[in-house]
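Side-chain atoms are counted along with the backbone in the values below, which use heavy atoms only and exclude waters and symmetry mates. Protein chains get the first letters and strands the later ones, always in sequence-line order, with residue 1 at the start of each.
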2 protein chains.
Amino acid sequence: MATAMNTIRDQDLVELLRARGHRVTSQRLVILRELRRRATHCTAEEIHAAVRESLPGTATPTVYATLDLLVDLGLVRRIDAGGPALYDARVEPHQHAVCRGCGGVYDVDGRLHAEPLLRAAREAGFNPDGAELIISGLCERCAGQTRESA
Amino acid sequence: MATAMNTIRDQDLVELLRARGHRVTSQRLVILRELRRRATHCTAEEIHAAVRESLPGTATPTVYATLDLLVDLGLVRRIDAGGPALYDARVEPHQHAVCRGCGGVYDVDGRLHAEPLLRAAREAGFNPDGAELIISGLCERCAGQTRESA
DNA sequence: ATTGGTGCAAATCCTTTGCAATAGC
DNA sequence: GCTATTGCAAAGGATTTGCACCAAT
C-alpha cells in the first residue's frame with residue numbers, strides 16, 4: 001500500500017511504533033500521511049473524511065485514538081483553541097492565532113521562547129515536554145467588521 | 001446585596017458593564033466574585049455549583065454566557081487545556097502547566113514574553129489582544145508512577 | 001416601556017466507552 | 001496463536017439554542 005514516495009516519510013512513524021511496541025497499521029500510516037499532506041491544522045472530523053477515501057471503513061474512534069497516539073509519539077501537535085481539537089503535523093517552528101470573532105485559526109511563524117517558564121515549572125516539580133502558545137484577537141476580516149458596525 | 005467589602009472589588013465590573021451598555025445583574029456580580037474568591041482556575045460547572053448557594057435558581061446557560069462576557073471584558077482568562085474550559089480571575093502574571101497523565105492544571109508563575117510573535121501576527125494582518133501559554137508534560141505524581149511501572 | 005438577561009428544556013457537538021471481530025506480530 | 005487494534009453502536013460530557021418570562025435601565 002505504501003508508494004515509493006511515501007515510504008521515506010512513513011519511515012519515522014514505522015520506527016517509532018516498533019520502538020514503542022505498537023503495531024504498524026494502515027490506518028496509522030494513512031492518517032499521518034493525510035496530516036502531512038495538508039500543511040495546516042485540521043480537526044479529527046476533517047481527517048476522518050479524508051481518510052475514508054483511501055480507507056473507506058475507518059471508524060471515528062480509530063481516528064481519535066490514532067491522533068492521540070501520533071501526539072504521544074511527538075509527530076503531531078494538538079492545538080486546543082476553544083472549538084474541536086486541531087491536529088498539526090507542520091514541523092517548522094510556529095504558533096497559532098485564534099480569532100475571537102470567527103474562530104479561525106492562523107499560523108504565526110516564529111520560535112517560542114518559553115525557557116524561563118519551563119524552568120519555573122521544573123522547579124515546581126513539573127516535568128515539561130513542550131509548550132503551546134495561543135494568541136487571541138481578531139483576524140483582519142473580523143476587525144474590519146467590528147469597526148464598520150461601531 | 002453587595003457588602004462593603006465587595007463593593008470595591010465589584011466596582012470595575014460595574015463600570016465596564018455600564019461603559020459597554022450591558023446591564024448590571026446579580027448573576028454577573030456573584031459569578032465574578034466567586035471566581036475571585038478562589039484564586040485558581042475552575043470549570044463552568046464548579047462555578048455553577050458555587051453560585052447556586054447564593055443565587056439558587058441560576059441556570060447553566062447563564063453561567064456560560066456570563067463567563068464569556070467576563071472574558072470579553074478582560075476580567076477573566078479562559079484556559080483551553082483539553083478538557084472542559086477553565087476560567088481564571090487571578091491577576092498576577094502566570095501561565096499554566098497541564099499534566100498529560102492526570103489532566104491536572106497547575107499555575108506557573110512568571111511573565112510570558114511573546115512580543116516577537118505578537119508582532120509577527122500583527123504583520124500578518126491579525127490584531128492580537130492577548131496570548132495564553134500551555135505547558136504540557138507530567139506532574140510530579142504521574143512522572144513517579146511512569147518510572148515505577150517501567 | 002423597552003429590550004437585554006435569565007431560566008428551562010432540549011438539542012447539538014465532540015469525544016470516549018464497551019464489546020465482538022480482525023489483523024499485526 | 002496471542003493480543004493490540006479496529007469497527008460499530010451507543011453513551012457521555014460540555015456547551016449552545018430557542019423561547020417565554022423577568023427585571024435593569
Nucleotide by nucleotide, nucleotides 13-25 of chain D touches protein heavy atoms under 4.0 Å in the pattern (B base, S sugar-phosphate only, - none) -SBBB-----BBS
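- For Thr62(A) and dG7(D), the shortest distance from a side-chain N or O to OP1 or OP2 is below 4.0 Å.
- The pair Arg119(A)-Glu123(A) fails the salt-bridge criterion, with no side-chain N (NZ, NE, NH1 or NH2) lying under 4.0 Å from an Asp/Glu carboxylate O.
- Distance, Leu55(B) CG to dT6(C) P: 10 Å, rounded to whole Å.
- In the hydrophobic clustering of ILVMFWY residues, with side-chain heavy atoms under 4.5 Å counting as a link, Ile79(A) and Val71(A) come out apart.
- What separates CG of Leu17(B) from C1' of dG5(C) is a distance of 12 Å, to the nearest Å.
- Ring orientation note: the planes of His96(A) and His41(A) are nearly perpendicular, at an angle over 60° on the 30°/60° scale.
- Taking hydrophobic clusters as Ile, Leu, Val, Met, Phe, Trp and Tyr residues chained together by side-chain heavy-atom distances below 4.5 Å, Tyr106(A) does not share a cluster with Leu138(A).
- Rounded to whole angstrom, the span from the CZ atom of Arg20(B) across to the C1' atom of dG4(C) amounts to 16 Å.
- Ile31(B) has its CD1 atom 11 Å from the C1' atom of dT6(C), to the nearest Å.
- Proximity of Gln27(A) to the phosphate of dA23(C): no side-chain N or O atom is located under 4.0 Å from OP1 or OP2.
- Taking Ile, Leu, Val, Met, Phe, Trp and Tyr as members and joining any whose side-chain heavy atoms lie under 4.5 Å apart, directly or through other members, Tyr64(B) forms no hydrophobic cluster with any other residue.
- Look at CG on Leu70(A): it is 14 Å from C1' on dT5(D), rounded to the nearest Å.
- Using a 4.5 Å cut-off on side-chain heavy atoms (C-beta onward), Arg77(A) and Glu132(A) make contact.
- Taking atom CD1 on Ile47(A) and atom P on dT15(C), their separation rounds to 13 Å, with Å as the unit.
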